[in-house]
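Quick notes on the structure that follows.
No hydrogens, no waters, no symmetry mates; every other heavy atom, side chains included, goes into these values. Keep in mind that what you see is a predicted model, and the values were worked out from it rather than measured.
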Amino acid sequence: MQLGEKKLIVQRASVGAKNPSSYMATASAAAAMFAGGASGVNVVNMMASTVPTTVLCLMNMVSPEELADDEEYEEICEDVREECGKHGRVVNLHIPRPLEGADVPGLGKIFVQFHSVSDCATAGTALAGRKFANRVVVTSYFDPERYANRDFTSNEPTE
């Protein structure tokens with residue numbers, strides 16, 4: 001697709017792909033294409049969620065309605081802990097819940113802290129693209145410092 005003077009290549013999401021180096025190259029090229037333009041894309045921030053950490057962020061798994069119900073929330077926590085535990089040692093799990101009249105950072109995301117980066121990377125690769133409640137799971141890595149501070153507003157590196 002032509003976008004101004006540049007050509008935009010659209011591909012299927014490859015989060016959790018078996019060949020992460022090709023994904024990194026594709027993402028780097030896309031970031032580089034826009035970095036020089038007026039869009040102001042920061043290459044480091046765009047790539048932050050692809051570098052493994054000890055915290056995995058699972059997306060597209062839950063809705064605010066599901067999280068509002070206490071019984072369903074507990075069941076989701078158990079399911080996620082059990083499934084993630086198959087791929088590494090889970091240290092902690094946090095799922096932000098909706099609060100009436102408030103904007104809750106990280107709502108709809110599930111944050112799983114693993115014992116090691118390798119456990120987290122193994123789980124991320126295994127879970128990406130799988131189905132949970134008829135939704136395709138999307139994974140990324142999350143800044144452990146922000147996770148420790150329960151700062152789910154952003155995944156940009158801390159300064």
Side-chain angles (χ1 to χ4, degrees), residues 10-28 30-31 41-159:
V10 180
Q11 296 180 321
R12 286 182 170 250
S14 57
V15 176
K18 303 302 178 204
N19 185 1
S21 61
S22 67
Y23 168 72
M24 293 296 283
T26 303
S28 294
V41 172
N42 183 327
V43 177
V44 173
N45 291 346
M46 183 176 176
M47 302 301 289
S49 64
T50 62
V51 177
T53 68
T54 56
V55 181
L56 186 64
C57 178
L58 303 169
M59 297 165 282
N60 199 38
M61 286 183 65
V62 293
S63 69
E65 294 78 23
E66 293 166 331
L67 297 173
D69 180 272
D70 290 338
E71 191 174 305
E72 200 162 352
Y73 175 81
E74 290 303 322
E75 190 175 308
I76 291 167
C77 288
E78 287 175 28
D79 289 349
V80 171
R81 187 178 294 278
E82 181 181 322
E83 193 58 36
C84 287
K86 293 177 183 178
H87 306 288
R89 192 166 113 206
V90 175
V91 174
N92 198 353
L93 172 78
H94 183 75
I95 306 175
R97 296 185 77 180
L99 297 172
E100 194 172 324
D103 185 29
V104 179
L107 183 62
K109 296 179 181 180
I110 299 173
F111 300 90
V112 184
Q113 183 181 28
F114 287 87
H115 176 68
S116 69
V117 171
S118 63
D119 285 355
C120 188
T122 300
T125 300
L127 298 174
R130 296 214 8 217
K131 285 203 171 188
F132 184 84
N134 292 321
R135 298 180 191 108
V136 178
V137 178
V138 177
T139 63
S140 70
Y141 301 104
F142 196 78
D143 182 330
E145 187 175 329
R146 289 190 186 273
Y147 177 78
N149 294 327
R150 297 296 191 251
D151 177 4
F152 303 116
T153 57
S154 166
N155 195 25
E156 294 178 8
T158 51
E159 298 185 36

With E75, which residues qualify under side-chain contact (heavy atoms from CB on, under 4.5 Å), at least two apart? D79

E66 CD to I95 CD1 distance, which is reported to the nearest 0.5 Å: 10.5 Å

Distance, nearest 0.5 Å, that separates CD of Q113 from CG of L93: 10.5 Å

CZ of R130 to CG of L58: how many Å apart, nearest 0.5 Å? 10.5 Å

Is the CZ atom of R89 crowded by more than 12 outside heavy atoms at less than 6.0 Å? no

Measure the spacing between SG of C84 and CZ of F114 and express it to the nearest 0.5 Å. 4.0 Å

With rounding to the nearest 0.5 angstrom, report the OG1 to NE2 distance, T125 to H87. 10.0 Å

Side chain of T53, backbone of F142: donor and acceptor closer than 3.5 Å? yes

To the nearest 0.5 Å, how far apart are CZ in R146 and CZ in F111? 11.0 Å

Going by heavy atoms in the side chains, are M59 and V137 under 4.5 Å from each other? no

Sort out for me which residue in L56, V51, V55 forms a side-chain contact (heavy atoms from CB on, under 4.5 Å) with Y141. L56

Given side chains that start at C-beta, do those of R97 and V62 come closer than 4.5 Å, heavy atoms only? no

Would L107 and L67 count as a side-chain contact (heavy atoms from CB on, under 4.5 Å) if you check the C-alpha gap in whole Å, the side-chain angles of each, and the deciding distance to 0.1 Å? CA-CA 9 Å; L107 183 62; L67 297 173; 4.0 Å; yes

Please determine if E83 and K86 form a salt bridge, counting it only when a charged side-chain N lies under 4.0 Å from a carboxylate O. yes

